[in-house]
Enquirer: 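Pasting in a structure now, in structure tokens, and then I'll have a few things to ask.
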Amino acid sequence: MTQLTILRYPDPRLHTLAKPVATVDARLRKLAGDMFETMYEAEGIGLAATQVNVHERLIVIDVSESRDQPLVLINPEILWASAETRIGDEGCLSVPGIYDGVERSTSVKVQALDLDGKLQVHAAEGMLAVCIQHEMDHLIGKVFVEYLSPLKRNRIKTKMLKQKKTKSASP
């Protein structure tokens, strides 16, 4: 497996609309494996293909403490989202070190293909429901900071650009 590079906000490629996966094949299974390795190494709980500059509708998630419940969602679609919402702190591997409150549905039902190309339906609540919604936003080119006020978003953008400059200036 290969560790992939995670795009950092405000990289414009994070705003690319992901295309549906046409075929579940060995290439896609390898990509999913590489994404899990990348996500686990970065200590994340979810990663969308968009974040590793692959613009296909693929998400990997593992919200378990033991990191042994991997979930792959290919061409995911939310079938239902609860009217009940909650504001919770979210972070993102593309916006490291930044956490802020985002309002999300507390439960969702999502359908997606698995790595065998079979259609699955998953009912999710709590952290898993939030993670699914967050990662699906990436597939439509939306980063969680876009839910925040323009002032907060600009402060985050400035901070991320400053970190990038500092990082590229160091030997």
Side-chain angles (χ1 to χ4, degrees), residues 4-24 27-29 31-40 42-64 67 69-96 98-148 152-153 156:
L4 306 169
T5 301
I6 299 171
L7 299 178
R8 297 282 170 94
Y9 180 80
D11 191 310
R13 295 172 291 181
L14 288 168
H15 300 294
T16 305
L17 184 64
K19 292 177 173 53
V21 170
T23 310
V24 179
R27 177 197 64 83
L28 194 76
R29 286 188 279 277
L31 175 59
D34 291 347
M35 286 172 61
F36 273 117
E37 181 178 324
T38 302
M39 179 189 79
Y40 289 137
E43 298 181 10
I45 59 170
L47 187 66
T50 301
Q51 293 176 271
V52 294
N53 202 28
V54 176
H55 303 286
E56 295 181 68
R57 294 185 57 78
L58 169 65
I59 293 169
V60 299
I61 294 173
D62 189 343
V63 297
S64 69
R67 314 302 267 157
Q69 295 173 32
L71 176 63
V72 175
L73 301 174
I74 302 165
N75 296 336
E77 288 179 50
I78 292 182
L79 301 174
W80 171 85
S82 67
E84 181 184 344
T85 61
R86 183 178 161 285
I87 296 176
D89 266 359
E90 286 187 27
C92 181
L93 294 177
S94 291
V95 195
I98 304 293
Y99 299 88
D100 212 315
V102 176
E103 185 173 9
R104 303 273 188 192
S105 292
T106 57
S107 306
V108 295
K109 189 178 284 187
V110 64
Q111 77 174 11
L113 299 176
D114 64 14
L115 285 175
D116 294 321
K118 291 184 174 49
L119 189 63
Q120 305 282 326
V121 175
H122 301 276
E125 53 187 38
M127 178 66 78
L128 180 57
V130 168
C131 191
I132 288 169
Q133 293 169 82
H134 175 108
E135 299 308 331
M136 285 186 68
D137 275 352
H138 281 296
L139 300 181
I140 60 169
K142 191 169 187 175
V143 181
F144 91 98
V145 297
E146 292 169 51
Y147 288 100
L148 307 178
K152 279 187 178 181
R153 200 168 41 248
I156 292 167

Enquirer: Go through the structure and list residues passing side-chain hydrogen bond (donor to acceptor under 3.5 Å, both in side chains) with S94, not counting sequence neighbours.
Expert: Q51
Enquirer: Identify, with sequence neighbours excluded, every residue that meets side chain to side chain contact (heavy atoms under 4.5 Å, CB included) alongside A42.
Expert: I6, L93
Enquirer: Y40: which residues meet the ring pair (Phe, Tyr, Trp, His ring centres under 6.0 Å) condition with it, sequence neighbours left out?
Expert: F36
Enquirer: Could you work out, with side-chain hydrogen bond (donor to acceptor under 3.5 Å, both in side chains) as the rule, every residue matching R13, not counting sequence neighbours?
Expert: D11
Enquirer: Filter on salt bridge (Lys or Arg N to Asp or Glu O under 4.0 Å), then keep only pairs touching residues 53-63, sequence neighbours left out; what's left?
Expert: R27-E56
Enquirer: Please round to the nearest 0.5 Å and tell me the distance separating atom OG of S105 and atom CD1 of I78.
Expert: 7.5 Å
Enquirer: Quick one: salt bridge (Lys or Arg N to Asp or Glu O under 4.0 Å) pairs with a partner in residues 119-133, sequence neighbours left out?
Expert: none
Enquirer: How long is the straight-line distance from OG1 of T50 back to CG of L14, given to the nearest 0.5 Å?
Expert: 8.0 Å
Enquirer: Go through the structure and list residues passing side chain to side chain contact (heavy atoms under 4.5 Å, CB included) with E84, not counting sequence neighbours.
Expert: S82, T106
Enquirer: For the CZ atom on R86, are there more than 12 heavy atoms of other groups (residues, nucleotides or ligands in this structure) within a distance under 6.0 Å?
Expert: no
Enquirer: Determine, stepwise, if the pair Q133 / V102 fulfils side-chain contact (heavy atoms from CB on, under 4.5 Å).
Expert: CA-CA 11 Å; Q133 293 169 82; V102 176; over 6 Å; no
Enquirer: Do any pairs count as a salt bridge (Lys or Arg N to Asp or Glu O under 4.0 Å) and have a residue in residues 109-119, sequence neighbours left out, and if so which ones?
Expert: none
Enquirer: Is E37 reaching over with its side chain to a backbone N or O of G33, donor-acceptor style, under 3.5 angstrom?
Expert: no
Enquirer: Can you measure from CD1 (I140) to OG1 (T16) and round to the nearest 0.5 angstrom?
Expert: 13.0 Å
Enquirer: Rounded to the nearest 0.5 Å, what separation is found between the CD1 atom of I59 and the CG atom of L71?
Expert: 9.0 Å
Enquirer: How about L28 and T23: do any of their side-chain heavy atoms sit closer than 4.5 Å?
Expert: no
Enquirer: Please identify which of these residues, L47, L7, D34, L58, meets the side chain to side chain contact (heavy atoms under 4.5 Å, CB included) condition with V52.
Expert: L47
Enquirer: Heavy-atom distance under 4.5 Å between the side chains of C92 and H138, does that happen here?
Expert: yes
Enquirer: Please identify each residue that fulfils salt bridge (Lys or Arg N to Asp or Glu O under 4.0 Å) with K152, with sequence neighbours left out.
Expert: D100
Enquirer: Sequence neighbours excluded, which residues qualify as salt bridge (Lys or Arg N to Asp or Glu O under 4.0 Å) partners of R104?
Expert: E90, D137
Enquirer: For a quick test of reading the model, state the closest non-hydrogen atom pair linking R153 to L148 and the distance between them.
Expert: NH1-O, 2.8 Å
Enquirer: Under the rule for side-chain hydrogen bond (donor to acceptor under 3.5 Å, both in side chains), what residues qualify as partners of E103, not counting sequence neighbours?
Expert: T85
